[in-house]
Structures are given as C-alpha cells and as structure tokens.
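This report refers to the structure that appears directly beneath it.
Values below: all heavy atoms of this structure, side chains included; hydrogens, waters and symmetry mates excluded.
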Amino acid sequence: YKNRAAWLAKFEAEHSNLLAALAWAYASAADPAAGPRLTAALHPFWHWHALAEAQEWFQAARLRCQADAAIDPALTAQVLTRLSRYLGGYDPDLTRDLARQGLALSRTLGPAGQEVLVEALAQFVHSATDRHTHSGPQTPFEEVQAALDELRALVQQLGPKTTVDPRYYRGEWAGVE
C-alpha cells in the first residue's frame, strides 16, 4: 500500500499481458485454481481501475471455485467476497447473498483465515448498509452491529503487521477504531 501509485502504473502498463495471462489461466492451466488465484491477486488493481473487467473475471472465478471442490476454501471465500464488492448496486440481492456466502465460508477457516475473515466482515457490513443494495429485505440491525463488532475486535487483534488493508486497522473504514 505504500507504493500503490507505482504498482498501479506497472499494472496499467502490463494490462494486456495480465489479460492474456488470465485467459490462459482459465483455459489452459493444469491447476484449476490458477485463474481464481490470479483474479484475486489482481484485486488491488481492479479496485482502482476497470470495474466491469473485475466483475467479469470474478464471475469466472466464482464459477470455477464453485465447480471444483478441491479449490482452497479461503480462495473461494475471497472470490465470493470480492465479487460482492464489484457487483455493488448492479444486483443488490446477489451482492448481499455473495457477501453472506463469503462471510459464512470465511468463518470456517480458523486462525489461518483471519485476514480473509476481516475482508468478508467488512464487505458484509458494507453490503448490508450500502444504500444501493437495499432493494430487498434489509439485514437486521443486530446482525450488522454484531458483524461490525466482530470486525473491530479482529482488526485490533491482528494489528498493523498483517497484509490486511491498512484502512481497516487505521479506522478509516466501517467505523473501525
């Protein structure tokens, strides 16, 4: 995160190569997780650029993860959570459903999956409170508050020496203090 601008510029310069690598990873790679792993790894770039492209590749990653039970559940949880983020207000019901699925799966990962759980909790809270995703039934306040409390506690426990987005532990997202 310290060199975000430099890394984004490098990703932008290699954009066509990254797309070719993604296409290969889904079409030809021997490892069925190669495509979803590369998709998840490109999240920081897509977060700042190319929203429609992120939606497309995360949809492909979701389909691959759901079709192959051998894919790491932590990767599947990341894919579901991030796809929920990229769908945003485009499909409110699916956005909330994916956030719930990602959160439920993240909670099964144990201590090794705590950073995945942080992201899933944050996205669940966001999808439950985002004004663009309120076309259907709302998530009960108590459920959102419990997730937010869990997020705060976990972020404090993990601290700043993790790979978790620094906005979480600095308190810049979802009211984390």
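- Residues L19 and H15 form a side-chain contact, since some pair of their non-hydrogen atoms from C-beta on lies under 4.5 Å apart.
- Checked for salt-bridge contact, R152 and D149 meet the test: a charged N lies under 4.0 Å from a carboxylate O.
- The closest side-chain heavy-atom distance from L22 to W57 is below 4.5 Å.
- For the residue pair Q123 / T81, no side-chain donor-acceptor distance below 3.5 Å is found, with atom types taken as modelled.
- One finds the CZ atom of R62 at 6.5 Å from the CD atom of Q101 (value rounded to the nearest 0.5 Å).
- V116 and V118 are members of different hydrophobic clusters when ILVMFWY side chains are connected at heavy-atom separations under 4.5 Å.
- Proximity of E14 to K10: side-chain heavy atoms (C-beta onward) are nowhere separated by under 4.5 Å.
- With rounding to the nearest 0.5 Å, the separation of CG in L148 from CD in E150 is 10.5 Å.
- Among all heavy-atom pairs drawn from L83 and Q55, the shortest one is CD1-O, 4.0 Å.
- In terms of hydrophobic clustering, with Ile, Leu, Val, Met, Phe, Trp and Tyr side chains grouped at heavy-atom distances under 4.5 Å, W46 and L18 are assigned to a common cluster.
- Nearest heavy-atom pair across P36 and R64 is CG-CG, 3.7 Å.
- Heavy atoms only, all atoms of each residue included: S84 and S127 are closest at OG-CB, 4.4 Å.
- Remark: F11 engages F45 in a ring-ring contact (aromatic ring centres under 6.0 Å, His included) (not counting sequence neighbours).
- With rounding to the nearest 0.5 Å, the separation of CD in E143 from CZ in F124 is 4.0 Å.
- Closest approach of V125 and A147 over heavy atoms only: CG2-CB, 3.9 Å.
- For T95 (side chain) and D91 (main-chain N/O), a donor-acceptor pair under 3.5 Å exists by modelled atom type.
- Applying the side-chain hydrogen bond (donor to acceptor under 3.5 Å, both in side chains) test to pairs two or more places apart or on separate chains, those with a residue in residues 18-28 are Y26-T39.
- No continuous path of ILVMFWY side-chain contacts below 4.5 Å connects L109 to L151, so the two sit in separate hydrophobic clusters.
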Report, one line per pair, each donor and acceptor closer than 3.5 Å where one atom sits in a side chain of residues 70-79; sequence neighbours left out.
unit_1 : atom_1 : unit_2 : atom_2 : d
D72    : OD1    : A74    : N      : 3.2
T76    : OG1    : D72    : O      : 3.4

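- No side-chain heavy atom of E12 sits less than 4.5 Å from a side-chain heavy atom of L8.
- Interatomic distance, L63 CG to D68 CG, rounded to the nearest 0.5 Å: 12.5 Å.
- G102 and S106 make their closest contact through O-OG, 2.7 Å (heavy atoms, listed as atom of the first residue, atom of the second, distance).
- For the pair E119 and H43, the minimum side-chain heavy-atom distance is below 4.5 Å.
- Proximity of a side-chain donor or acceptor of Y86 to a complementary backbone N or O of E53 within less than 3.5 Å is not detected.
- Residues L87 and Q59 meet the side-chain proximity criterion, which asks for heavy atoms closer than 4.5 Å.
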Might you work through the side-chain contact (heavy atoms from CB on, under 4.5 Å) test for L117 and L103, ending with a clear yes or no? CA-CA 7 Å; L117 180 57; L103 179 56; 3.7 Å; yes

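- Nearest heavy atoms, Q114 versus L154: O-CD2, 3.6 Å.
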